[in-house]
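Input: a single structure, listed below in structure tokens.
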Amino acid sequence: MGTEVHADPMEGSGGRGQPPLSDPGVLAALAPLRELRWRHPVEVGLHAASIPCPPCDRMDSFARALLRSAPNLSLEFVAPAGLDQTGEAAPVPWLRFPEPSRIRFLGAPGSALSPAFAGLLTEAVQGPGPLDPALREVLRQILRRHHLRLFVSEQGPDSSPVLWALGRWVLHDERHLRLDVISVDQMPDLSRHFGVRTIPALRVDDFAHFYASPDPRELSGALRDVLPDGSWPATDPPATGR
């Protein structure tokens, strides 16, 4: 990616000099992560500290709160990200779950979304729990790789349950599925670029774009309609025994 990695959040782009996060809802949601342990670091991508960026400041504060709440996890701050950076490391800010999970948050999850974030991070580390049968059935039919973009908002009451359902679904098939969770509040330019008008919105492989219902049956039905087509072939045979 052409970047430097700083393991210490006080160094490099990880030290933006912002005050600690004080949102009680976020802090309460992160508190259960104290005993969480994982050998792979959680990556955080930010603009260089010299570039004014309120969303990066918010992500930096969130990452510091995560590190204080879960001292057994490690964070790596990827720096510096210039304004013209493109590719997998852009746009910033982002937070990527530990490998092999393929979930990335573009914009810090605020108090309405942080419980789902904490739950997904726990399942990413410890292994996902049982899945809704309707969503599990869709997984059995996936033979190709898919990139999903979920647009969420602190102001949308449906965002948190969709994030929870879809994130757990992706954790059950890390080989075929990757998910970007995009905050429309913090990433308005990206939301406008993809023409997002309803929240939560789900975009699959840049060809299907629809309202993501929080009802698992409706969500699974929509996914079943779009996933068989329009994706790129997998490089290895599909897993069996699901």
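All of these numbers come straight from a predicted model, not from anything done at the bench.
- Nearest heavy atom pair, residue L150 against residue P200, reads CD1-CB, 4.2 Å.
- L106 pairs with exactly one of V92, V181, L190 by the side-chain contact (heavy atoms from CB on, under 4.5 Å) rule, that one being L190.
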message: Does R224 form a side chain to side chain contact (heavy atoms under 4.5 Å, CB included) with Q141? I'd like the steps, not just the answer.
response: CA-CA 9 Å; R224 186 180 295 109; Q141 303 175 29; 4.1 Å; yes
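- Looking at S159, its side chain never comes within 3.5 Å of a backbone N or O of Q155 through a donor-acceptor pair.
- In this structure, CD1 on I182 lies 12.0 Å from CD on Q186, to the nearest 0.5 angstrom.
- Put simply, NE2 on H147 and NE2 on H176 are 16.0 Å apart, with the number rounded to the nearest 0.5 Å.
- A side-chain hydrogen bond (donor to acceptor under 3.5 Å, both in side chains) with D180 holds for exactly one of R102, R104, R203; it is R104.
- Side-chain N or O atoms of R168 include one that pairs as donor or acceptor with a backbone N or O of G129 at under 3.5 Å.
- The shortest side-chain heavy-atom distance between S213 and V162 does not fall under the 4.5 Å cut-off.
- Around atom CZ of R37, no more than 12 heavy atoms belonging to other residues, nucleotides or ligands sit under 6.0 Å away.
- Taken from CG in L30 to CG in L21, the straight-line distance is 8.0 Å, to the nearest 0.5 Å.
- The two atoms that bring P216 and A134 nearest to each other are O-CB, 4.5 Å, heavy atoms only.
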query: Given L179 and V170, is the side chain to side chain contact (heavy atoms under 4.5 Å, CB included) satisfied, shown in steps?
result: CA-CA 7 Å; L179 171 66; V170 170; 4.0 Å; yes
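- Looking at residues two or more places apart in sequence or on another chain, you find a salt bridge (charged side-chain N to carboxylate O under 4.0 Å, His left out) between D189 and R192.
- The shortest non-hydrogen separation linking A212 to L219 is CB-CD1, 4.2 Å.
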query: Would D206 and R149 satisfy salt bridge (Lys or Arg N to Asp or Glu O under 4.0 Å), going step by step from the backbone distance to the final call?
result: CA-CA 9 Å; D206 287 333; R149 293 182 176 91; 2.7 Å; yes
Return a table of donor-acceptor pairs under 3.5 angstrom between the side chains of residues 110-122 and protein atoms on other chains or two or more places apart.
{"unit_1": "S114", "atom_1": "OG", "unit_2": "G110", "atom_2": "O", "d": "3.2"}
{"unit_1": "S114", "atom_1": "OG", "unit_2": "S111", "atom_2": "O", "d": "3.2"}
{"unit_1": "T122", "atom_1": "OG1", "unit_2": "A118", "atom_2": "O", "d": "2.9"}

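- Side-chain atoms of R34 never come within 3.5 Å of backbone atoms of A70 as a donor-acceptor pair (strictly under, hydrogens ignored).
- Atom-to-atom distance recorded for L227:CG and L177:CG is 7.5 Å, nearest 0.5 angstrom.
- Side-chain N or O atoms of D205 include none that pairs as donor or acceptor with a backbone N or O of L148 at under 3.5 Å.
- Judged as a ring-ring contact (aromatic ring centres under 6.0 Å, His included), the pairs with a partner in residues 25-46 (not counting sequence neighbours) are, in order, W38-H40.
- Each of L67, L66, L75 was scored for a side-chain contact (heavy atoms from CB on, under 4.5 Å) with V44, with one residue passing: L75.
- Separation of atoms CG (D185) and CZ (R58) is listed at 7.0 Å; rounding is to 0.5 Å.
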task: Step by step, work out the side chain to side chain contact (heavy atoms under 4.5 Å, CB included) result for W94 and M187.
output: CA-CA 11 Å; W94 50 261; M187 312 287 281; over 6 Å; no
- prompt: What do the steps show when you test F62 against L95 for side chain to side chain contact (heavy atoms under 4.5 Å, CB included), and what is the final call?
  reply: CA-CA 10 Å; F62 180 86; L95 182 150; 4.1 Å; yes
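- Here the straight-line distance linking atom CG of L139 with atom CG of L135 works out to 7.5 Å at 0.5 Å rounding.
- When all heavy atoms of V226 and F207 are compared, the closest pair comes out as O-CZ, 3.2 Å.
- What you find for L131 and R136 is that their closest heavy atoms are O-NH1, 2.9 Å.
- Between the side chain of S153 and the backbone N or O of V184 there is no donor-acceptor pair closer than 3.5 Å.
- W169 and Y211 are not part of a single hydrophobic cluster, where members link through side-chain heavy atoms under 4.5 Å apart.
- Residues L223 and L202 form a side-chain contact, since some pair of their non-hydrogen atoms from C-beta on lies under 4.5 Å apart.
- Residues F105 and M59 approach most closely at O-CE, 3.8 Å, considering heavy atoms.
- For R64 and D60, the salt-bridge test passes: some basic side-chain N is under 4.0 Å from an acidic carboxylate O.
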